[in-house]
Amino acid sequence: MLFFKEKGQKINLYLPIEGKARELAPKIYLAFKAVKKNFRVHIGTQESINRVVESKTTFGGVYFFKGGLDLNAVIKIKKKCSHFVILDEEIGPGDENPKETMLYRIDKSIENKIDRYYVLGRKTYLIAKKIFIKLKKKIVLSGWPRIDYFIASSKIKNNNDVNKLVKNHGKFILFISDYGQTSMRMVNFTKSQYQEKLDLSKKFELKKFKKINKSNLKTLKEFKTFISALKILDKDSSMPQIIVRPHPLEDHQPWERIKKSFKNIKVIFEGDIEQWIHASKGVIHKGCSSSIQVYHAQKPQGYLLLEKDGQKKTLVFKISHHLKSLKDVKEFCIKCVKTPQEFKKKNFSKQMDEIIHKPKKTSSDIIINDILHLKPIKETFPIISLNIKIKNYVRNLISNFNIYRFIISKIFLNIIGKYYISADNRLVSQHQKIPFGIKKNDVLKVLKNLNLEINDIKIESILKNLVILEKK
């Protein structure tokens, strides 16, 4: 059981993180804004956050999530938290059908359990108003804290992480992989997840299931086409350095195998996506939402369209150069490195605001001020019981053993020219999602890199993968 101190009542904001590489830094920025308004912020993995929420003996606080939870999970949260709010980042600039995504990720049964539904842009705001009748008065056009963080990080000169990448890799083109389906193992794994979630006895859901599976198989085919293209480019001595960054939620084993055959192209998965964008000379993607950050960084970007039917009439498609052949890819890469001034900068501010709203204040300020208007019930600082400390210690030992065994195995196999194969999807996936966990130093590093004033902020880790921030 989790106990709370009697003093120091504040609004507890619970921020679960699914993917460290893309989510953690923006959520830390949001947490900073909240702390300045006297919130106490819990930031960590969903498992660690849920352990605190489910074990506490008080009622209050705000659970801030992405969407996709079923009714039972939301009921558990609402039994412990006075407010449950959603900012669904999956319904972003690369989404061709936001209405369908919304209906899939927000079950009708949980509508009346949601206290706020924050949306990224005006287009999704209007769609949400039409389809979520019970939520109509609770929908807020907030914008995206991820863009807040990126703009703030763009203003920092002499970023050590960016300088280190430039020093180590020189002038390079970044390819941001967003295929998702990079192996039949992943296709089957995704298929099984949808089989569990959807009611296949209903014609509509069975049709949706078949459509998703067909799309995933098509994506896998596109991935294989891309790999064939990479192998050709790798042999071209006139090509600049290309660095491929796999997506955190992809199966990385195909990348581990493929990179063995490359002589010049590198495959690297480490650090935050922001620093790689800033350090690059240009970016190629397949419709990834990170293209919005590339746009704000004023870097040239290309949308890879090697498949004839691969076009997507989305914002990320509109703001990118269209690379329909290997010749296009080669010309784009060389131009990025040798004559970047030839790229004409276009203004997409109107189209951008439709998809990613940019308020006068930051999106983080909009969200935190709105949560204050909800008047959440305040709580005190959690004291972890001996029972939870023991369980956490045991989990730590098991988790650390598995992860370090995984890392050592990969290093050893890399030395002897082989690659790691695991039947344990969860271990590989979790290590990719949250590499080396969420620690106090991760939080401090982001805040210090942004040159934010933190002398009045107390930061401490109370459980594995759980950090608390609050005013001293």
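Every heavy atom of this structure was used, including side-chain atoms; hydrogens, water molecules and symmetry mates were not. Numbering starts at 1 and runs along the sequence shown.
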Backbone of K464 reached by a side-chain donor or acceptor of S48 within 3.5 Å: yes
Interatomic spacing from CD1 in I356 to CD in Q293 - rounded to 0.5 Å: 9.5 Å
Validation row: L24, I28 side chains within 4.5 angstrom (heavy atoms): yes
Rounded distance (nearest 0.5 Å) linking atom CZ of F175 with atom CD1 of I242: 9.5 Å
Heavy atoms from other residues, nucleotides or ligands near NZ of K281 exceed 12 (cutoff 6.0 Å): no
Option from K286, H247, E250 for which side chain to side chain donor-acceptor pair (under 3.5 Å) with S177 holds: E250
Among K327, K330, K263, K231, the one residue meeting salt bridge (charged side-chain N to carboxylate O under 4.0 Å, His left out) with D236: K330
Other residues, nucleotides, ligands: >12 heavy atoms within 6.0 Å of K266 NZ: yes
Plane angle bin for F348 and Y295 - parallel if under 30°, tilted between 30 and 60°, otherwise perpendicular: perpendicular
S291 side, atom OG; L315 side, atom CG - distance, nearest 0.5 Å: 7.0 Å
Gap between atom CZ of F172 and atom CH2 of W276 - 0.5 Å precision: 5.5 Å
Shortest non-hydrogen contact between I147 and H296, atoms and distance: CG2-NE2, 3.8 Å
Exercise: do R245 and S280 side chains pair donor with acceptor under 3.5 Å: no
F343 ring center within less than 6.0 Å of H321 ring center: yes
Check: K344 main-chain N/O paired with E342 side-chain donor or acceptor under 3.5 Å: no
Any donor-acceptor pair under 3.5 Å from S183 side chain to M186 backbone: yes
For Y149, ring pair (Phe, Tyr, Trp, His ring centres under 6.0 Å) partners two or more places apart: none
Interatomic spacing from CG in N160 to CG in N449 - rounded to 0.5 Å: 7.0 Å
Shortest non-hydrogen separation from D272 to Q275 and the atoms involved: O-CG, 3.0 Å
Side-chain donor-acceptor pair present, D353, Q351, cut-off under 3.5 Å: no
Side-chain donor-acceptor contact under 3.5 Å, T101 with E90: no
Rounded distance [0.5 Å steps], CD1 in I258 versus CD in Q253: 11.5 Å
Taking every non-hydrogen atom, the tightest pair across S364 and Y29: OG-CD2, 3.6 Å
Between F32 and F39, ring centroids under 6.0 Å: no
Closest contact, heavy atoms only, A21 versus E274: O-OE1, 4.3 Å
Identified ring pair (Phe, Tyr, Trp, His ring centres under 6.0 Å) counterpart of Y117 within the set F84, F132, F65: F132
K66 atom NZ, neighbour heavy-atom count above 12 within 6.0 Å: yes
Heavy atoms of other groups near K299 NZ, more than 12 under 6.0 Å: yes
K445, NZ: over 12 other non-hydrogen atoms inside 6.0 angstrom: no
Residue pair L323 / F332: nearest heavy atoms and the distance that separates them: CD2-CB, 3.8 Å
Donor-acceptor contact present, side-chain E23 to main-chain I17, <3.5 Å: no
Any donor-acceptor N or O pair under 3.5 Å, side chains R22, S289: no
Distance-only polar pair, side chains of N216 and T219, donor-acceptor under 3.5 Å: no
Test of ring centre spacing under 6.0 Å for F64 and Y14: no
side-chain hydrogen bond (donor to acceptor under 3.5 Å, both in side chains) against D107, all qualifying residues, sequence neighbours excluded: S109
Aromatic ring proximity, centroids under 6.0 angstrom, F317 and H285: no
Shortest non-hydrogen contact between L220 and T182, atoms and distance: CD1-C, 3.5 Å
